[in-house]
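Each chain gets a letter, A, B and so on, in the order its sequence line appears, and its residues count up from 1. Both backbone and side-chain heavy atoms feed into the values below; hydrogens, waters and symmetry mates do not.
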2 protein chains.
Amino acid sequence: MHRDFRKKARIVLIDDNYEHLMGVKELLNLEGCYDVVQTSTSVNTGVNMVKKYQPDIVLVDMNMPDKNGLQAIHEIQRLGVNTKVLALSAYDDADLIFRAMKVGARGYVLKTMASAQLICAIEEVISGKIYLPSALSLRFFEYFQKSVKEEENSTDEELLSSLTQREEEVLDLLTQGFGYNEVSSKLYISNTTVKTHVNNIFQKLQVKDRTQAVLYAIRHGFDKKRKAKFVSI
Amino acid sequence: MHRDFRKKARIVLIDDNYEHLMGVKELLNLEGCYDVVQTSTSVNTGVNMVKKYQPDIVLVDMNMPDKNGLQAIHEIQRLGVNTKVLALSAYDDADLIFRAMKVGARGYVLKTMASAQLICAIEEVISGKIYLPSALSLRFFEYFQKSVKEEENSTDEELLSSLTQREEEVLDLLTQGFGYNEVSSKLYISNTTVKTHVNNIFQKLQVKDRTQAVLYAIRHGFDKKRKAKFVSI
DNA sequence: TTAAATATAGACCGAATGGACTAGATAGGG
DNA sequence: CCCTATCTAGTCCATTCGGTCTATATTTAA
């Protein structure tokens with residue numbers, strides 16, 4: 001799983017802080033086994049360089065003002081090149097780590113970390129692994145798991161579970177975009193019966209029209225049973 | 001960040017395979033610094049034991065027939081105890097890893113891995129870290145990132161991006177559950193203008209009523225700009 | 001500068017929706 | 001056996017919604 005050290009790994013750096021950019025470049029050059037083919041202090045030109053040179057890895061600073069690093073990573077991913085992305089950041093912000101990994105970063109290191117750790121991260125990522133220092137890994141997963149809890153908490157089971165079985169069926173069909181007539185024919189009941197059920201649903205969910213009921217259902221996870229892809233447990 | 005080795009770490013094991021259960025128990029006892037307080041071959045009693053003994057860590061087998069390990073982990077999380085969960089599995093299935101970590105596992109190890117790695121995982125997890133072997137970490141993040149791509153692909157940007165700015169505003173308000181009158185007063189335009197916009201939206205999204213338009217918008221990620229919590233990039 | 005796109009608004013009409021009732025049938029729990 | 005919950009279905013009426021037009025002012029692009 002180790003890369004071929006006879007070839008230098010080709011690297012592009014994107015960092016709007018010129019001092020830091022040069023510092024990292026110098027560090028990598030001293031190491032001897034890296035070829036920093038290009039550097040850029042702007043996202044746009046940086047992304048273009050990645051497209052042109054298709055390096056093994058690109059280091060992207062996350063703390064840029066305008067089009068932030070997230071956008072850069074996202075665009076690089078969409079190039080369809082085989083370049084791995086390593087995110088560099090001054091902050092160990094859980095949300096930023098989460099989003100960076102989500103858009104395709106293969107690793108995330110803090111600027112405050114020792115240079116040896118940066119080298120280590122680069123090597124791991126180039127050789128196809130994920131590199132997240134354990135502190136950041138912890139942040140990531142806490143955030144990841146918290147999101148599930150929030151989903152659950154917002155699932156106001158009180159109201160939704162107060163629906164009768166038939167009402168659930170009706171709401172389920174409404175959630176698929178059917179109107180009253182369609183619902184009635186699908187359930188083989190009369191149009192007015194559907195209306196009765198729907199009105200009961202409105203009462204129970206405390207909403208005032210069909211669209212709001214559907215929104216309520218979706219936002220409170222009512223339709224997850226059907227979806228059941230990876231959203232639920 | 002290291003635990004106090006003067007005290008033995010208290011452990012509960014949940015695994016329906018009695019052979020493996022005993023094997024792990026023996027292994028941990030030989031190690032000397034662990035106290036396997038309880039073992040269980042069923043989820044229900046296992047969860048109860050965790051509730052009762054509140055160990056430092058619980059090892060949960062993921063490959064159980066009935067109520068699977070995911071359910072067990074989920075229930076343990078909901079106990080509100082401070083027990084860390086380490087998932088054990090025979091398979092490195094990306095979906096399973098993803099879901100286990102999502103419901104609260106702090107680590108995931110394969111049964112095929114060396115016992116030293118299991119010990120390592122236990123120590124890391126007890127001391128508050130996340131333990132994912134790099135191969136599994138890779139699987140996890142590939143799955144994690146793929147989910148984003150799927151979201152994007154399903155974002156039929158063709159249709160949604162064909163909406164004018166005003167139409168987007170209107171759709172956004174509809175997505176919040178407002179009716180035409182409410183939309184018109186919020187945008188300071190007449191009721192009929194809203195209707196015109198809405199009809200154009202219907203044409204463009206190829207839907208036939210308000211609820212379907214809202215569903216379309218939500219399912220295709222239209223409302224993520226507003227949410228912008230952690231869902232979007 | 002013309003043409004196209006956009007935002008505005010109106011009329012008219014039919015269909016769908018929502019509110020407020022009543023009411024019969026059926027099933028289940030106490 | 002009675003009471004309650006649920007599912008069913010109806011009426012009446014008002015409101016909203018959706019479809020199809022036309023039309024004007026403004027902006028944008030060619």
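One interatomic measurement links the two molecules: CG of Leu171(B) to P of dA7(C), which rounds to 13 Å at whole-angstrom precision. A straight line from CG of Leu174(A) to P of dA16(C) spans 15 Å, rounded to a whole angstrom. Look at CD on Gln203(B): it is 9 Å from C1' on dG19(D), rounded to the nearest Å. Straight-line distance from the CZ atom of Arg166(B) to the C1' atom of dT8(C): 9 Å, rounded to whole Å. The separation between Asn200(B) atom CG and dA4(C) atom C1' is 15 Å, rounded to whole Å. A straight line from CG of Leu163(A) to P of dA5(D) spans 16 Å, rounded to a whole angstrom. Taking atom CG on Asn199(B) and atom C1' on dT8(C), their separation rounds to 15 Å, with Å as the unit. Summarising the geometry, the separation between CD on Glu169(B) and P on dT6(C) is reported as 14 Å, rounded to the nearest angstrom.
Taking every side-chain heavy atom of Lys195(B) into account, dC12(C) is the closest of dA9(D), dC12(C), dT8(C). Checking dA7(C), dC12(D), dC7(D) against every side-chain atom of Gln165(A), the shortest atom distance belongs to dC7(D).
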Show each protein N/O and nucleotides 14-16 of chain D N/O combination with a separation under 3.5 Å, one pair to a line.
{"residue": "dT16(D)", "atom": "OP1", "partner": "Asn181(B)", "partner atom": "ND2", "Å": "3.4"}

Show the distances under 3.5 angstrom between N or O atoms of the protein and N or O atoms of nucleotides 22-28 of chain D.
none

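Test Asp209(A), Thr211(A), Thr175(A) against Thr211(B) for side-chain hydrogen bond (donor to acceptor under 3.5 Å, both in side chains) and you get one pass: Thr211(A).
Looking at Arg78(B) and Glu75(B), no side-chain N of the basic residue comes within less than 4.0 Å of a carboxylate O on the acidic one, giving no salt bridge.
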Stepwise side chain to side chain contact (heavy atoms under 4.5 Å, CB included) check, Tyr108(A) with Leu96(A) = CA-CA 10 Å; Tyr108(A) 195 108; Leu96(A) 202 53; 3.6 Å; yes
request  = Dump the intermediate steps for side chain to side chain contact (heavy atoms under 4.5 Å, CB included) on Val103(A) and Arg99(A), then the final yes or no.
outcome  = CA-CA 6 Å; Val103(A) 292; Arg99(A) 292 161 79 175; 5.8 Å; no
message = Determine whether Leu59(A) and Ile122(A) satisfy the following criterion, side chain to side chain contact (heavy atoms under 4.5 Å, CB included), listing intermediate values before the conclusion.
response = CA-CA 9 Å; Leu59(A) 275 53; Ile122(A) 292 173; 4.1 Å; yes
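Taking side-chain N and O atoms only, Thr164(A) has a distance below 4.0 Å to OP1 or OP2 of dC7(D). Between Thr193(B) and dA9(C), a side-chain N or O to OP1/OP2 separation shorter than 4.0 Å is present. Note on Ser190(A): a side-chain N or O is less than 4.0 Å away from OP1 or OP2 of dG10(D).
Between Val170(B) and Val198(B), some side-chain heavy-atom pair lies under the 4.5 Å cut-off.
Taking the six-membered ring where tryptophan is involved, the planes of Phe144(A) and Phe98(B) are perpendicular, since the angle between them exceeds 60° and thus also 30°.
A donor atom on one side chain and an acceptor atom on the other are found under 3.5 Å apart for Asp172(B) and Gln176(B). Side-chain contact annotation: Ser190(A) with Ser184(A), donor-acceptor N/O pair under 3.5 Å absent.
In terms of position on DNA chain C, the residue among Thr192(B) and Val198(A) whose nearest nucleotide sits closer to the 5' end is Thr192(B). The 5' end of DNA chain D is approached more closely, in terms of each residue's nearest nucleotide, by Tyr188(A) than by the other of Phe202(B) and Tyr188(A). Mapping Ile189(B) and Thr211(A) onto DNA chain C by nearest heavy atom places Ile189(B) at the nucleotide closer to the 5' end.
Evaluation of the salt bridge (charged side-chain N to carboxylate O under 4.0 Å, His left out) rule for Asp92(A) yields Arg139(A) as partners, not counting sequence neighbours.
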